[in-house]
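In what follows, a single structure is set out as C-alpha cells and then discussed.
Just so it is clear, the model here is predicted, and its values are computed rather than measured.
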Amino acid sequence: MTSAIDTLSLPERAVIYLRVSSVGQVNTDYDPEGISIPAQREACRRKAAQLGVEIPADGEYVEPGRSGTNMEQRPAFQAMLERLRTERDVKYVIVYKLSRMNRNRVDDALVLMRLRRYHVTLISATESIDETPVGQLMHGILAAFNEYRSAEDGADIRYKMREKAKRGGTLGRAPIGYVNVRERFEGREVRTVVIDDSRGPLVQQAFELYATGEYTLDRLQQTMADQGLSTRPTAKWPEQPVSLNTLHVMLRDPYYIGVVEYDGETYPGRHEPLIPLPLWERVQEVLDVRSQRGSRDRVNQHYLKGLLFCGRCHAAGRQHRLIYTIAKGRRGESYAYFLCRGRQEHVCQLPYLSAQRVEDEVGREFARLQLPSGFADTVLEKITEVLADEQQTTRTLRRNLTQELARLDVREERLLDLAAEGTLSQVKIRIRLTQLTQDRARITDELGKVDIQLSDGAELLRLAIQLLVDPGRLYQRADDPNRRRLTQTFFERLYVDDEGVSSAVLRPPFDDLAEASTAYLRAAKTPADLLVIHNRRPSEAGTPVDGTKIGLLAHAVCGVGSSKTVMVEVA
C-alpha cells in the first residue's frame with residue numbers, strides 16, 4: 001500500500017495535445033500554418049522536462065489533419081477532455097502553441113473553463129501563458145490574435161478560390177471521370193484537368209442509362225459497379241466501386257457540362273465537358289420527378305417513354321419531353337398519365353394526359369402511315385427495274401475495274417524491269433511503286449462494294465413496305481415490349497397535345513416512303529402536277545407546284561425522270 005509520503009514524492013503528470021490542420025502537414029514542417037507532429041512532440045516533451053512533470057505512456061493525443069475551426073469534430077481532443085473529466089490523473093495539458101488548441105475566443109474560453117473545473121493548467125511550449133495575471137493577459141491577447149488570423153486566412157482563401165473559379169479553374173480534386181495533371185507551359189508547370197481515359201466513358205454511360213428513366217439509382221449503382229466504374233485510389237482509401245451517394249452527387253454535378261460552381265455562383269470552366277447539355281438536362285428531369293414529395297426513386301415503365309414530346313411547346317419553339325408517372329388516389333387507385341416537363345418550369349399549361357388516351361392516339365398515328373392502294377406494287381416494280389439495270393451496270397463496272405487491276409500489274413512489272421536494268425533512279429521507282437500500291441488498294445475496295453450497296457437498300461425498302469401494309473393493326477396486336485420496338489423503329493419523336501398527335505418525326509426509310517406515298521396520291525388526283533414536274537428545269541427538280549420538296553423515291557414512284565443509273569458508258 002502506497003503511503004502518503006510516497007504519494008507526495010510522485011512526480012506531477014501531464015498530457016500533450018498535438019494537431020496539424022491538414023493531412024499534408026502530418027509528415028512535413030514546411031507548412032506556414034504550423035509545424036509537424038514530430039516537431040511539436042519534441043517541443044512539448046522538452047517543456048514537460050523543464051516543469052519536472054511526467055507524460056504517461058497513454059498521455060499523448062494526436063489529431064492529424066483536423067481543422068481547428070470546430071473542436072466538436074476532433075475525436076482526439078474530445079477523448080482528452082473525457083479523460084480529464086473522469087480520471088483526474090493529470091495536472092497539465094501541454095500544447096505547442098495556443099492556436100493548436102483553438103482558433104476562436106469562444107471555444108478558447110469554454111475549454112479554459114472546463115480545464116479549471118478539472119483543476120488542470122494549460123501550458124504552451126512556445127508561449128508565456130500560465131495561471132498568473134500576466135500569463136492570463138497574454139493568453140487573452142493570443143486567443144484574440146488567433147481568432148483574427150483564422151478569420152483573415154479564411155477570407156483570403158475564399159477570395160482566391162472565387163478568383164480561380166471565375167477564371168474557370170477546378171477547385172480541389174477533379175470529380176470521377178477526370179484526373180488532375182501537371183503540364184509544362186512556356187517553361188512553367190501548370191496544373192490542369194483532363195478526361196480520365198478509363199473512367200470518363202463509364203461516367204458517360206451512367207448518365208445515358210439513367211436518362212432513359214429505366215434505371216433506379218440502386219440498379220444503376222450495381223450496373224456501373226459491374227461495368228468497372230470505381231473511385232480513384234488515394235493514400236488513405238483504396239480504389240472501390242462508386243457508392244450510391246457518390247453516384248447521386250455525380251448525376252447532379254454541373255461540372256460535367258463544363259461549369260465550375262463556387263459559393264452559389266457558376267462560371268464557365270476551362271475543362272472539357274464530358275456530358276452534352278441535353279443529356280445532362282434529361283438526367284435532371286428524371287431526378288427531379290423522382291425527388292418530388294411523396295415519390296420514391298422507382299421506375300414507372302411505359303413503352304412510349306422517351307419518345308413523346310409536348311406539341312404545345314414544340315409550336316412555341318421549345319422542346320420538352322412528356323414524363324410518365326403514376327399517381328395514387330385517396331382510395332388507393334392508380335392513375336397513369338403523361339405530363340409536360342414545361343409544367344414544372346411554369347412555361348406550359350398542357351393538361352395531364354391519360355396514358356390510355358395517348359396510347360390510342362399513337363395507334364391512330366400508326367394507322368395513318370398505311371400505304372395507299374397500288375403504291376406498294378409500284379415501288380416494288382421500280383425496285384425490280386432498278387436492280388435489273390444495276391446488275392448490268394455492275395457487270396460493266398466490275399469488268400472495267402478488273403481490267404484496271406491487270407493494267408496496274410503490267411505497269412508494276414515494267415517498273416521492276418527498269419529497276420533491274422538500272423535505267424531509273426531508286427527514288428523514282430519507290431515513288432511509282434507506292435502510287436501503284438495505293439491505286440490497287442482503292443480499286444480492290446471498290447470491287448468489294450460494287451455488289452452490296454444497292455441490294456442492301458432495296459432489301460431495306462422491301463421490309464419497310466411489308467411493315468406499312470397495315471401498321472395500325474400491327475400496333476394494336478403487339479404487346480408492350482413489341483409496341484416499343486415498333487415505335488422506336490418508325491418514329492424518332494412524336495409531338496402530342498390535348499388534341500392528339502400534332503406532328504411526328506419519322507425514321508429512315510419510313511420518312512421517304514411517307515413522302516413518296518403523299519406524292520403518289522397527289523399525282524393520282526391531279527395528273528397535271530406530273531406534267532409540270534416533267535417540264536421543269538433541272539434547278540427546279542424536286543419541288544412540285546405547292547412548293548414542298550420531294551425526294552428521289554417520290555420522283556421515281558410518280559414516274560418522273562429516269563430509273564436508269566447509267567446514261568453513258570462507264571469510264
Side-chain angles (χ1 to χ4, degrees), residues 208-216 219-220 223 278-279 282-283 285-286 289-290 298-314 319-328 333-341 350-372 375-376 459-515 517-518:
E208 290 167 355
L209 291 177
Y210 197 73
T212 64
E214 299 177 3
Y215 284 77
T216 63
R219 181 186 173 196
L220 183 65
T223 301
L279 174 59
R282 289 203 301 273
V283 169
E285 290 177 5
V286 177
V289 169
R290 295 180 182 175
R298 61 178 182 270
V299 176
N300 292 322
Q301 299 287 356
H302 195 280
Y303 63 87
L304 292 175
K305 277 178 61 173
L307 296 168
L308 302 182
F309 289 77
C310 177
R312 287 192 183 184
C313 290
H314 180 57
Q319 290 291 327
H320 282 121
R321 291 177 182 270
L322 295 188
I323 301 169
Y324 176 69
T325 186
I326 299 177
K328 293 288 186 181
E333 63 273 24
S334 297
Y335 299 96
Y337 59 88
F338 287 91
L339 68 134
C340 176
R341 168 67 173 155
L350 181 72
Y352 289 13
L353 304 176
S354 162
Q356 184 60 55
R357 181 187 171 192
V358 172
E359 293 174 14
D360 294 341
E361 293 296 336
V362 172
R364 280 188 275 273
E365 187 66 20
F366 267 90
R368 282 192 283 270
L369 293 177
Q370 184 170 345
L371 297 176
F375 177 83
E459 184 61 26
L460 180 62
L461 275 178
R462 288 196 184 101
L463 292 174
I465 288 171
Q466 291 178 14
L467 291 175
L468 289 174
V469 170
D470 193 352
R473 186 165 176 266
L474 191 64
Y475 174 84
Q476 293 297 337
R477 296 182 63 180
D479 56 13
D480 284 358
N482 283 317
R483 280 189 176 185
R484 180 167 184 82
R485 295 188 186 97
L486 280 173
T487 309
Q488 290 177 324
T489 300
F490 279 80
F491 299 98
E492 185 158 327
R493 56 181 59 189
L494 290 155
Y495 293 98
V496 181
D497 56 26
D498 50 341
E499 296 182 358
V501 178
S502 57
S503 62
V505 179
L506 289 163
R507 292 185 179 276
F510 302 102
D511 52 352
D512 288 333
L513 286 168
E515 177 194 57
S517 64
T518 301

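Take Gln488 and apply the side-chain contact (heavy atoms from CB on, under 4.5 Å) test, not counting sequence neighbours, and it matches Leu307, Arg484. For Asp480, the salt bridge (Lys or Arg N to Asp or Glu O under 4.0 Å) test picks out no residue, with sequence neighbours left out. For Arg483, the salt bridge (Lys or Arg N to Asp or Glu O under 4.0 Å) criterion is met by no residue, not counting sequence neighbours. Listed by chain and number, the residues in a ring-ring contact (aromatic ring centres under 6.0 Å, His included) with Tyr303 amount to none (sequence neighbours excluded). Scanning for side-chain contact (heavy atoms from CB on, under 4.5 Å) contacts around Thr489 gives Phe510, with sequence neighbours left out. For Gln319, the side-chain hydrogen bond (donor to acceptor under 3.5 Å, both in side chains) test picks out His314, Arg493, Tyr495, with sequence neighbours left out. Judged as a side-chain hydrogen bond (donor to acceptor under 3.5 Å, both in side chains), and not counting sequence neighbours, Arg357 has no contacts. Residues satisfying the side-chain contact (heavy atoms from CB on, under 4.5 Å) criterion with Glu365, sequence neighbours excluded, are Arg368, Phe491, Leu494, Val501, Ala504. Take Glu499 and apply the side-chain hydrogen bond (donor to acceptor under 3.5 Å, both in side chains) test, not counting sequence neighbours, and it matches no residue. Residues meeting the side-chain hydrogen bond (donor to acceptor under 3.5 Å, both in side chains) test with Arg341, sequence neighbours left out: Asp288, Gln344. With sequence neighbours left out, Arg485 forms a salt bridge (Lys or Arg N to Asp or Glu O under 4.0 Å) with no residue at all.
Between the side chains of Glu359 and His302, at least one donor N or O sits under 3.5 Å from an acceptor N or O.
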> Hey, mind stepping through Tyr337 and Thr325 against side-chain contact (heavy atoms from CB on, under 4.5 Å) and telling me if it holds?
Replying inline: CA-CA 6 Å; Tyr337 59 88; Thr325 186; 3.3 Å; yes
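Smallest separation of non-hydrogen atoms from Tyr324 and Ala336: OH-CB, 3.4 Å. Nearest heavy-atom pair, Ala211 versus Leu279, reported as atom, atom and distance to 0.1 Å: CB-CD1, 3.6 Å. Across all non-hydrogen atoms, the minimal contact from Tyr475 to Thr487 is CE1-OG1, 4.4 Å. Here the closest non-hydrogen pair linking Leu322 and Cys340 is CD2-CA, 3.7 Å. Between Leu209 and Tyr215, the shortest heavy-atom contact is O-CD1, 3.5 Å. A pairwise comparison of heavy atoms in Tyr210 and Thr216 identifies CE1-C, 4.2 Å as the closest pair.
For the pair Leu369 and Leu506, the minimum side-chain heavy-atom distance is below 4.5 Å. A heavy-atom distance below 4.5 Å is found between the side chains of Arg312 and Asp498.
Distance check, rounded to the nearest 0.5 Å: CD of Gln356 to CG of Asp360 gives 4.5 Å. The SG atom of Cys313 sits 13.0 Å away from the CZ atom of Arg321 when rounded to the nearest 0.5 Å.
In this structure, Phe338 has its ring center no closer than 6.0 Å to that of Tyr352.
Between Leu350 and the choices Leu339, Asp497, Val496, the side chain to side chain contact (heavy atoms under 4.5 Å, CB included) rule is met once, by Asp497.
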Under 3.5 Å, which donor-acceptor pairs do the side chains of residues 463-472 form with other protein atoms, sequence neighbours left out?
unit_1 : atom_1 : unit_2 : atom_2 : d
Asp470 : OD1    : Arg473 : N      : 3.4

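Under a 3.5 Å cut-off, the side chain of Lys305 and the backbone N or O of Gly213 do form a donor-acceptor pair.
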